[in-house]
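Numbered from 1 within each chain, the chains take letters A, B, ... in sequence-line order.
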Protein chains: 2
Amino acid sequence: MARLPVYLRALNSMSDAGTTTCSSLELATAAGVNSAKLRKDLSHLGSYGTRGVGYDVAYLRYQISREIGLTQDWPVVVVGIGNLGHALANYSGFSSRGFRTVALLDADESRHGEVVAGLEIRPFEDLKQVVADHGVGIGVIATPAIAAQAVADRMVECGIRSVLNFAPTILSVPEGVDVRRVDLSSELQILAYHEQRKNSTLSTPVEDVS
Amino acid sequence: MARLPVYLRALNSMSDAGTTTCSSLELATAAGVNSAKLRKDLSHLGSYGTRGVGYDVAYLRYQISREIGLTQDWPVVVVGIGNLGHALANYSGFSSRGFRTVALLDADESRHGEVVAGLEIRPFEDLKQVVADHGVGIGVIATPAIAAQAVADRMVECGIRSVLNFAPTILSVPEGVDVRRVDLSSELQILAYHEQRKNSTLSTPVEDVS
DNA sequence: CTGTATTTGTTCCCGAGTTCACAAACTCTT
DNA sequence: AAGAGTTTGTGAACTCGGGAACAAATACAG
C-alpha cells in the first residue's frame, strides 16, 4: 500500500515525542486518513493491535518497516547529476532509513570526477559495473526528458527492476519492471487547475444564475 | 483531472514531432492509459474531436492548456532554498508553461541576498509583501519537515490557497486550501515494497506449496 | 467476579471511476 | 452518390476502494 510510508512517518513522530501507545484514531488523524481505512490497512499486515488499548508504537513501527522492506539495505544509483540530481544526492531522506546511494552517473564527461555528497560522479557506461558491484535494484532518473527512455532501457538491461523517474516523460518498460513518476510541473499544473476553478466559481455567480 | 497534464505533455511531444492530427488510441498509448478513458476525459471538456478523423493536435493542446489554466500567468513563491529549493528555482519546467517564480524566501539570514536563478533570496518575513506585490496564489514548501507547518500556516494567513509541499510532513490546513505532497523517500519506500515482494515470490515457491 | 467502557478487526454497502461495446458521425474510394 | 471503413462520444456493466456500523476482545471499576 502507498499509505504505509505515511503511517510510518507518523509513528516515528510519535516515537520521537515519547508516545508509547496510540489508538487507530490518533494515528489516522496524524496521517490524514479515516480511522477505519487505517485499521483495514494494518489488518492486512496481521493483527498487531490490542482491542481496548490500541497499537504499541515501537512494535507497529517495526512491523511496518519490515513490511515495506526497510529492515534491509537498498542500494540506489542516481543517473543525471544536474540541479535535481545534485539535490537528490544530498537529500538526507534517501541516505537514512535503509536507502544508500552507491553511485552517481552522468553522461557529461566534463563532470566526471566531481565529488557530490561524498561520491564521485562516474560515466554512465559504468552502470553495469555498479549494478554488479553493489547489487543495485533501484535506479533514479534525474536526466533531461530526452535522455530518460535510453537511460531506463539501459537500466533494465543491467537488471534494475525498480525505477524512480523525475524526468517529465512516460517511460515504456517491460513487464515486471516498476516505474514511479514524480513530475514536478504536473503537480503545479494540477494546483493551477484547482486554483482556477476556485476563482471562477467565486467570481462568476451571475453566469450560473442566467 | 490529474491526467490532463500527462495528455498535454504527450500532445506537446507530438506537436514537436510534426504530427498534426492523432487518434484517441495514439494519444492514449502515448499517455499510458486506456483509450476509452482518454475519450471520456476529453469529452468532459467538450467535443473537440472529429469522428472518423481524430483530434487536431494544436487545437486540443490549446483547449487542455486553457482548461488547466496555463493560458494565464501563475506567480509562484518558493520557501526554503536548500538543495531542493535550489533545484526547484532552477527547474526549467517551472518557469516555462505559465509558471513564474517571483520570489525565493528563506529563514536563514546568512543566505539573504544570495542570487539563485536570477532571483535574490529574501527573508521569510517578506512573504506578505511578495503575495501582495505579485498576486501569488501558489506556494512551494521546500523547507525541513520541522518548519513546514509554520510556513504553511503563514502562507494561508497571507492568502495563498494552493501549496506544493516537498517536506516530509502531513500539513493541516483550513477548508478551501489545496495541498499536494511530493515525498521523495515515500516514493522510494513504495518501490522497495514492491521490489521486496518480487524477490520473495520468486525465491520462496517452496513455502507456497507447503 | 461481574458489568461497563473502550478499541480493534471485519462485514456490508455504496459510489466513484474504469472498461466494454456500440451507435452516431465523418472520410474516402469507386 | 452510395457503401465501406474509421473514429469519436456515450450508455451500461463491472470493479475496486472507502466509510459506516457492528461484533469480538480487552481493560477497569466496584
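- Checking each of A:Leu38, A:Ile68, A:Leu60 against A:Tyr7 for a side-chain contact (heavy atoms from CB on, under 4.5 Å) leaves exactly one that passes, namely A:Leu38.
- The distance between the ring centers of A:Tyr48 and A:Tyr59 falls below 6.0 angstrom.
- B:Val116 and B:Ile121 get closest at one heavy-atom pair: CG2-CD1, 4.0 Å.
- A:Glu26 has its CD atom 14 Å from the P atom of C:dT6, to the nearest Å.
- For the pair B:His44 NE2 and D:dG11 P, the computed distance is 11 Å after rounding to whole Å.
- Under 4.0 angstrom from either OP1 or OP2 of C:dG17 there lies no side-chain N or O belonging to B:Asn34.
- Comparing atom distances between the B:Arg51 side chain and each of D:dA21, D:dG9, C:dT7 picks out D:dG9 as nearest.
- Of all the heavy atoms in A:Ala117 and A:Asn90, the pair that sits closest is CB-OD1, 3.5 Å.
- In this structure, the side chains of A:Leu70 and A:Leu8 come closer than 4.5 Å at one or more pairs of heavy atoms.
- In this structure, the side chains of A:Leu105 and A:Glu125 stay at 4.5 Å or more apart for every pair of heavy atoms.
- Atom pair A:Lys37:NZ and D:dA21:P shows a separation of 17 Å (rounding to whole Å applied).
- Here D:dG9 presents its P atom at 8 Å from CG of B:Leu42, a figure rounded to the nearest Å.
- For the segment residues 52-68 of chain B, residues with any heavy atom less than 4.0 angstrom from an atom of DNA chain D are, sorted by number, B:Gly52, B:Val53, B:Gly54, B:Tyr55.
- Atom CZ in B:Arg39 sits roughly 16 Å away from atom P in C:dA24 (whole-Å rounding).
- Between A:Ile141 and A:Leu171 the shortest side-chain heavy-atom distance falls below 4.5 Å.
- Put simply, CG on B:Asp41 is 16 Å from P on C:dA16, counting in whole angstrom units.
- Computed from C1' positions of five pairs at each end, the angle between the two local axes of the helix from C:dC1-D:dG30 to C:dT30-D:dA1 equals 0°, rounded to 10 degrees.
- Distance B:Met1 CE to C:dA16 P: 12 Å, rounded to the nearest Å.
- Of all the heavy atoms in A:Ala10 and A:Leu27, the pair that sits closest is CB-CD1, 3.7 Å.
- Looking at A:Lys40, its side chain has no donor and acceptor atom pair within 3.5 Å of the base of C:dT10.
- OP1 or OP2 of C:dC26 has not a single side-chain nitrogen or oxygen of B:Thr50 nearer than 4.0 Å.
- Put simply, CG on B:Leu38 is 15 Å from C1' on C:dG17, counting in whole angstrom units.
- At most 12 heavy atoms of other shown residues, nucleotides or ligands fall within 6.0 angstrom of atom OH in B:Tyr62.
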